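Report on the structure given below.
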Amino acid sequence: MTRFSEALIPTLRESPADAEATSHKLLVRAGMVRQLGAGLWTFLPAGWRVHRKVEAIIREEMDAIGGQEMLMPVLQPADLWTKTGRVGIEELFKLEDRKGSDLVLAMTHEEAITAHVASEVRSWRDLPKLLYQLQVKERDEPRPRAGILRTREFVMKDAYSFDRDEEGLDRSYEACIGAYDRIFDRCGLSWYRVASDVGMMGGQGADEYMAPCAAGEDEVAISAGYAANVDVAIGTPEPVELPEGRDAPLEVETPGLTTVEEVSGALGVPEGALIKAVPFTGDTGEVVMALVRGDDEVNPILLGNAAGLDLRPSTEGEISDRIGPPGFIGPVGTEVRVIKDSQVTGRGLVCGANAADRHLQGVEPGRDFACEEHDIRRVREGDSAPDGSPIRLEPAIEIGNIFKLGTRYSEALGATFLDEDGRVRPIVMGSYGIGPARIVAALAEQGADEAGLSWPASVAPWQVELVALGKGDDETTRIAADLYRELRDSGVEVLFDDREAGAGQKLTDAELIGCPLRIVVGRKGVEAGELEASWRASGDDFTIPLDQGTVRIGQLVAEMS
RNA sequence: CGGGGCGUGGCGCAGCCUGGUAGCGCACCUGCUUUGGGAGCAGGGGGUCGCUGGUUCAAAUCCAGUCGCCCCGACCA
């Protein structure tokens with residue numbers, strides 16, 4: 001299999017100075033990855049072994065649901081991207097060839113695959129199809145970060161489904177969910193499938209697969225029976241005790257008090273009794289006033305979806321012109337569109353009076369102002385999920401995503417077919433991505449301890465690390481070398497540390513690299529007729545009789561996978 | 001794009017403020033000793049101090065510009 005002395009596994013005693021994330025530090029220290037430039041990473045042999053094992057699991061599960069693997073170019077004519085309207089995306093790398101033709105480096109492959117399917121698929125009989133590839137993607141990221149977590153070039157498994165209609169898409173989508181669930185389970189990850197924002201991909205539905213880890217750049221709202229990206233998560237907060245209602249709003253003086261904290265303090269009401277009015281301006285110039293409880297924040301994504309607009313926070317000038325003095329605005333008497341969070345209810349609420357240094361008490365939605373009602377507040381730790389269980393927020397890294405694309409790409413690129421009635425119809429598409437490198441990083445984060453990495457057996461670079469403590473050609477070294485050959489010949493993936501190095505270095509490196517099972521051949525053990533074995537994950541150790549080494553280790557390896 | 005930080009042998013760092021022959025630890029090479037948690041002794045190799053320009057008798061050090069990298073935020077199919 002692999003002799004450490006002959007392999008390129010450059011372990012490091014210290015972390016690189018610019019590393020912050022655990023996975024970044026440990027993957028570099030374990031000699032698995034190296035940086036070539038910002039967001040540009042090389043997988044060294046040990047790291048690539050892990051990556052390839054993840055790929056193999058992906059291939060098996062995609063093939064199992066009828067996926068067909070293929071390979072498309074990364075370098076593509078810009079023309080295709082003009083047709084789908086994606087050529088303007090800032091993250092898209094653009095370049096010219098020597099003839100001046102416009103090219104792009106693909107960030108995903110919807111354009112390419114749809115162009116092929118458009119020219120090859122004619123009839124309803126040709127559908128459905130599920131096609132996938134493992135291919136490099138290129139993205140001009142504004143900020144690559146955290147080692148291999150967010151890079152400018154990375155391998156992605158991208159799959160695309162092509163169906164005759166929505167029902168077919170639903171079936172393809174469900175099949176992919178099944179495959180994805182199995183893939184992440186088999187990789188040994190802790191993961192969640194969460195509802196997500198459909199984003200710029202458009203389409204009718206989207207789920208993300210998230211792996212919780214400290215270095216994650218997303219946040220997930222999780223409870224016993226609920227999981228959603230915080231971007232779209234909806235929870236129910238603790239109710240607020242409101243002051244007495246009134247027959248009509250009462251204007252009170254609140255000189256210079258513009259924050260929720262100041263107003264609630266001055267009036268002696270809980271922050272949740274205030275109505276926080278947050279103005280947004282749409283791409284059309286329309287101003288929308290979002291209302292949430294004083295102790296809540298507006299979730300701009302939920303608000304944007306509710307409003308059906310692309311929104312940005314309004315400027316002070318827009319607020320003054322269209323609503324009232326900033327700091328004192330409210331929904332009563334305003335002429336702009338008002339969208340109220342469903343948690344803003346009851347009598348006795350407090351809001352800005354749209355007059356300087358004035359607030360209104362005893363306000364009641366519906367009676368005192370008209371509005372649309374949606375869930376637009378940002379979820380908070382401790383909220384209740386729909387099933388009543390408490391929500392917690394966890395950082396997580398996105399490891400996969402699936403979209404119901406619909407016909408956006410097929411219409412743009414003329415991917416149509418003739419149905420059974422002879423009508424031309426656009427193919428209904430789905431898109432399904434997985435980032436193997438992110439799985440590697442998430443596993444590194446999830447399994448790490450003070451000593452280093454710890455890989456699940458299914459994706460470990462080697463199943464066993466065999467450490468020979470002796471030096472030169474003493475007896476222990478010969479025994480270790482014999483055991484290595486036997487294990488290798490019996491099909492065990494074994495990393496044999498045969499280096500001329502001190503025991504401390506070899507043992508620490510074994511913990512750093514994180515193979516599931518470590519076997520030590522040393523003088524003490526050999527004198528007792530034993531091999532010393534230990535599990536990386538639990539630290540449990542035990543001995544194996546020397547003469548049963550190959551057989552027992554073979555059994556343990558079979559059991560672990 | 002806004003803010004902050006860093007570029008000095010392979011890695012981690014000091015030196016810069018106050019200009020004057022480039023240093024430390026680890027790693028590496030040779031020899032001897034050593035071998036159960038990152039060994040010891042002796043000898044040795046390796047750096048145009050990111051780059052360009054300026055100031056100066058003299059620049060790692062001062063000035064200007066530029067490139068690269070990291071972190072926070074914005075952004076992120």
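The structure presented is a predicted model; accordingly, all values stated were derived computationally and were not measured.
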Subject >> Closest-nucleotide ordering on RNA chain B, the 5'-leading residue of A:Glu91 and A:Leu36 >> reply: A:Leu36
Original post:
Across the strands shown, which category fits A:Glu511 at heavy-atom distances under 4.0 angstrom: base, sugar-phosphate, nothing?
Top reply: base
Original post:
B:C63 and B:G2: how far apart are their C1' atoms, nearest whole angstrom?
Top reply: 26 Å
Subject >> Euclidean distance, atom CD of residue A:Glu20 to atom C1' of B:G5 [Å, nearest integer] >> reply: 11 Å
Original post:
Taking 4.0 angstrom as the limit, do A:Arg193 and A:Asp181 come out as a salt bridge?
Top reply: yes
Subject >> Pair A:Arg478 + A:Asp482, salt bridge at N-O below 4.0 Å >> reply: no
Original post:
According to the interplanar angle, ranging from 0 to 90°, do the rings of A:Tyr209 and A:Trp191 count as parallel (below 30°), tilted (30 to 60°) or perpendicular (above 60°)?
Top reply: tilted
**OP:** Using the P atom as the reference point in each nucleotide, state the distance between B:G23 and B:U35 in Å, no decimals.
**Re:** 36 Å
**OP:** Identify the nucleotide, in any strand shown, that forms a Watson-Crick or G-U wobble pair with B:G43, with both distances under 3.5 Å; if there is none, say none.
**Re:** B:C29
Subject >> Distance between C1' atoms of B:G73 and B:G15 (Å, rounded) >> reply: 34 Å
**OP:** Answer with base, sugar-phosphate or nothing: what part of the nucleic acid does A:Ala468 contact at a heavy-atom distance below 4.0 Å?
**Re:** nothing
Subject >> Partner nucleotide of B:C1 by Watson-Crick or wobble geometry (both distances under 3.5 Å) >> reply: B:G73
**OP:** Considering only atom P, compute the distance from B:C29 to B:G45 and round it to an integer number of Å.
**Re:** 15 Å
Original post:
Say you pick atom C1' in B:C49 and the same atom in B:G31; how far apart are they, in whole Å?
Top reply: 33 Å
**OP:** Quick one: sort the A:Tyr432 and A:Tyr180 rings into parallel, tilted or perpendicular, breaks at 30° and 60°.
**Re:** perpendicular
**OP:** Report yes or no: is the cationic atom of A:Lys129 (NZ for Lys, CZ for Arg) under 6.0 Å from the centre of the six-membered ring of A:Phe162, at an angle within 45° of the ring normal?
**Re:** no
**OP:** Please state how far atom CG in A:Leu12 lies from atom P in B:G25, giving the value in whole angstrom units.
**Re:** 19 Å
**OP:** In whole angstrom, give me the gap between the C1' atoms of B:A22 and B:G47.
**Re:** 8 Å
Original post:
When we call it a touch if two heavy atoms are under 4.0 Å apart, what does A:Glu217 touch: a base, just sugar-phosphate, or nothing?
Top reply: nothing
Original post:
Between A:His24 (NE2) and B:C70 (P), how many Å, whole number?
Top reply: 8 Å
Original post:
To the nearest angstrom, how far is A:Lys524 atom NZ from B:G36 atom C1'?
Top reply: 5 Å
**OP:** Would you mind pulling out the nucleotide paired to B:G12, Watson-Crick or G-U wobble, both distances under 3.5 Å?
**Re:** B:C24
Original post:
Given that both distances must come in under 3.5 Å, which nucleotide forms a Watson-Crick or G-U wobble pair with B:U66?
Top reply: B:G50
Original post:
Checking all strands, does A:Gly37 fall into the base, sugar-phosphate, or nothing category for heavy-atom contacts under 4.0 angstrom?
Top reply: sugar-phosphate
Subject >> Atom pair distance, as rounded to whole Å: CZ in A:Arg143 and P in B:G73 >> reply: 7 Å
**OP:** Look at the side-chain N and O atoms of A:Arg13 and state whether any lies under 4.0 Å from the OP1 or OP2 oxygen of B:C26.
**Re:** no
Original post:
Taking the side chain of A:Ala503 as heavy atoms from C-beta outward, which of B:G37, B:A74, B:C69 is closest to it?
Top reply: B:G37
Original post:
Where the side chain of A:Thr508 is defined as all heavy atoms beyond and including C-beta, which of B:G36, B:G37, B:A74 is the nearest nucleotide?
Top reply: B:G37
**OP:** Take A:Arg139 and A:Trp41, find for each the nucleotide of RNA chain B with the closest heavy atom, and name the residue whose nucleotide sits nearer the 5' end.
**Re:** A:Trp41
**OP:** Would you check if there is a donor-acceptor pair between the side chains of A:Glu110 and A:Ser431 at a distance under 3.5 Å?
**Re:** yes
Subject >> Separation of B:C69 P from A:Arg145 CZ (nearest whole Å) >> reply: 17 Å
Original post:
Base, sugar-phosphate, or nothing for A:Asn401, non-hydrogen atoms under 4.0 angstrom?
Top reply: sugar-phosphate
Original post:
Between B:G25 atom P and A:Glu14 atom CD, what is the distance in whole Å?
Top reply: 14 Å
Subject >> Euclidean distance, atom NZ of residue A:Lys506 to atom P of B:G36 [Å, nearest integer] >> reply: 11 Å
Original post:
Looking at A:Ala30 and A:Ile9, what are the two nearest heavy atoms and their distance?
Top reply: O-CG2, 3.7 Å
**OP:** For B:C17 and B:A64, measure between their P atoms and round to the nearest Å.
**Re:** 15 Å
Original post:
With rounding to whole Å, what would you report as the distance between B:G46 and B:C6 at their P atoms?
Top reply: 31 Å
**OP:** Tell me what A:Pro16 touches on the nucleic acid: a base, only sugar-phosphate, or nothing, going by heavy atoms under 4.0 Å.
**Re:** sugar-phosphate
